[in-house]
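Below is one structure; the comments refer to it alone.
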There are 2 protein chains.
Amino acid sequence: MVAALSLIDRDGLNGFSMRALADALGVYPTAIYWHVEDKNALLAEVVAHALRDSVPRPGPADWRLWLKEFFRRYRAAVQRHPNVAPLIGAQLVSNAGVGPATIELILSVLSTAGFRDDHLVHAYNAVIAVQVGFVTLEMAPTPADNLEAWTVHMKASLRGVDPGQYPMLAENLSRMENRAFIVRWQNGTEVPLDDSFELFIDIAVRGLEQRLVTP
Amino acid sequence: MVAALSLIDRDGLNGFSMRALADALGVYPTAIYWHVEDKNALLAEVVAHALRDSVPRPGPADWRLWLKEFFRRYRAAVQRHPNVAPLIGAQLVSNAGVGPATIELILSVLSTAGFRDDHLVHAYNAVIAVQVGFVTLEMAPTPADNLEAWTVHMKASLRGVDPGQYPMLAENLSRMENRAFIVRWQNGTEVPLDDSFELFIDIAVRGLEQRLVTP
DNA sequence: ACCTGAACACCGTTCAAGT
DNA sequence: ACCTGAACACCGTTCAAGT
């Protein structure tokens with residue numbers, strides 16, 4: 001449902017409800033249930049729709065470049081609809097988001113790279129985890145309600161870091177604050193972690209590569 | 001709150017509510033609000049409590065082994081309380097789960113490995129993504145309500161895979177079904193993906209290693 | 001085929017009042 | 001200090017009834 005997606009884009013997952021959707025459509029809440037099984041099914045459709053343009057193209061030839069491109073395209077798709085990110089990363093229903101065509105592509109790319117049998121399956125699982133893991137974390141929603149209290153508390157606890165107790169953290173604080181997981185008060189919508197993402201996917205493909213030369 | 005955690009362990013996140021917790025404690029729902037700010041704060045405490053025994057020890061000397069041990073210990077902690085996994089992976093509040101001591105340890109380990117300045121921060125972000133990403137996906141909850149309908153539908157759509165259209169998928173179906181992301185109907189609680197996890201963390205540390213020899 | 005309308009069994013959270 | 005009790009503004013979902 002496209003109306004549901006734009007509502008979620010605007011108000012977030014917490015602000016979304018069947019009744020809010022009904023309101024937006026100018027209809028009784030119960031009318032929705034003629035078109036869709038239930039809320040879960042609707043959200044699955046929303047995820048699928050949000051990711052529909054992230055399906056990768058067959059090329060390029062080099063599997064390393066293909067994988068990186070695949071990861072970047074997925075991230076770009078989620079960046080367009082960041083509020084659905086929790087559904088993909090943390091709900092098994094999100095399976096609907098990735099179709100068999102994408103799975104087939106990943107398998108064939110990993111196969112040409114040299115992965116076989118059980119190793120192929122494990123490499124596939126690693127690829128999916130890489131694809132979803134970073135971005136889910138990056139786009140994790142902030143506590144919607146008392147936002148200013150949250151950021152104030154976050155900043156204050158960082159200022160209060162004891163250099164004696166946590167020397168590395170204190171030394172790198174200016175580089176880390178609001179640019180590193182856990183040590184931030186805004187998410188990837190407001191502060192994208194582009195460079196960290198690039199390092200992350202580079203590490204992943206180089207690790208896979210190493211696995212092929214010395215298993 | 002320990003009572004909240006055991007309730008979540010038993011009934012899952014969807015089955016949990018302030019009112020259910022109040023019932024379990026033999027108290028009025030509103031009484032809880034004297035002890036805790038609100039539901040979000042309570043869940044943050046629950047996460048922190050669930051992960052309290054996953055804080056890593058300082059050793060061993062080799063940063064590769066330390067990282068792997070760190071990843072394994074985190075996974076073991078989540079396996080003990082799989083129902084809180086969505087909170088960690090997909091909510092920024094989960095920050096409460098990892099303390100400054102753990103951050104300090106990761107930074108010092110990556111520093112001795114050879115990462116400096118911005119690279120240190122990016123490597124740190126990659127480590128957190130690796131730590132949380134796979135496990136969050138692995139433990140993602142199944143659609144609680146109509147479970148049998150879901151598995152039947154899942155299995156059926158796999159049986160119906162066209163070998164002409166999806167040759168790789170069809171060929172590796174027996175190896176993949178219920179053992180690979182997206183192509184499964186049970187989560188990590190029922191079917192742990194041990195070998196894939198080991199490959200995943202091996203890929204990560206080897207990728208980091210490669211990054212040090214040729215940046 | 002598609003929507004209304006009432007109804008049921010829930011939620012999180014407030015605030016005054018009790019002890 | 002800690003809990004009760006009533007109240008408010010919400011939820012998802014059902015089912016019969018309308019058109």
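Letters A, B, ... mirror the listed sequences (proteins, then strands); counts begin at 1. Computed over heavy atoms, backbone and side chain alike; hydrogens, waters and symmetry mates excluded. Treat the numbers as computed from the prediction; the structure is a model and nothing was measured.
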- Compare every heavy atom of B/Met1 with every heavy atom of B/Val46, then report the nearest pair and how far apart it is.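 Heavy atoms of B/Val46 and B/Met1 come nearest at CG2-O, 4.1 Å.
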d([atom1], [X]; [atom2], [N]) in whole Å:
X: B/Leu13; N: C/dG12; atom1: CG; atom2: P; answer: 12 Å
X: B/Trp34; N: C/dT13; atom1: CH2; atom2: P; answer: 18 Å
X: A/Met18; N: C/dC11; atom1: CE; atom2: C1'; answer: 16 Å
X: B/Asp38; N: C/dC11; atom1: CG; atom2: P; answer: 17 Å
X: A/Asp11; N: D/dC10; atom1: CG; atom2: P; answer: 13 Å
X: B/Asp23; N: D/dC3; atom1: CG; atom2: P; answer: 15 Å

- Message: If you take the centroid of each ring, where Trp contributes its six-membered ring, are B/Tyr33 and B/Tyr28 closer together than 6.0 Å?
- Response: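 Distance test on ring centres: not under 6.0 Å, no.
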- With distance as the sole criterion, do the side chain of B/Thr30 and the base of C/dG12 form a donor-acceptor contact below 3.5 Å?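 Flag unset: no donor-acceptor pair detected.
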- Pairing nucleotide - C/dA16, Watson-Crick or G-U, each distance under 3.5 Å: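 Partner of C/dA16: D/dT4.
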- Message: Go nucleotide by nucleotide along DNA chain C from the 5' end; which of A/Arg19 and A/Ala31 gets its closest nucleotide reached first?
- Response: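 Nearer the 5' end of the strand: A/Ala31.
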- Item | Whether B/Phe70 and B/Trp66 hold their rings parallel, tilted or perpendicular, with breakpoints at 30° and 60° |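 Correct class here is parallel.
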- Please work out whether the ring planes of A/Phe115 and A/Trp63 are parallel, tilted or perpendicular, with thresholds of 30° and 60°.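 Perpendicular, since the angle between the ring planes exceeds 60°.
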- Message: Of the listed nucleotides (C/dT4, D/dT14, C/dG12), which one gets closest to any side-chain atom of B/Lys39?
- Response: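 That would be C/dG12.
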- Message: Whether A/Tyr28 contacts C/dC3 is assessed here as follows: a side-chain N or O lying under 4.0 Å from the phosphate OP1 or OP2. Is that the case?
- Response: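 No, no such contact exists.
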- Item | Any B/His35 side-chain N or O less than 4.0 Å from OP1/OP2 of D/dC3 |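 So the side-chain polar atoms of B/His35 do come within 4.0 Å of the phosphate oxygens OP1 or OP2 of D/dC3, strictly under.
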- Pick the P atom in C/dA9 and in D/dA9, then give their distance to the nearest Å.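 The answer is 22 Å between these two P atoms.
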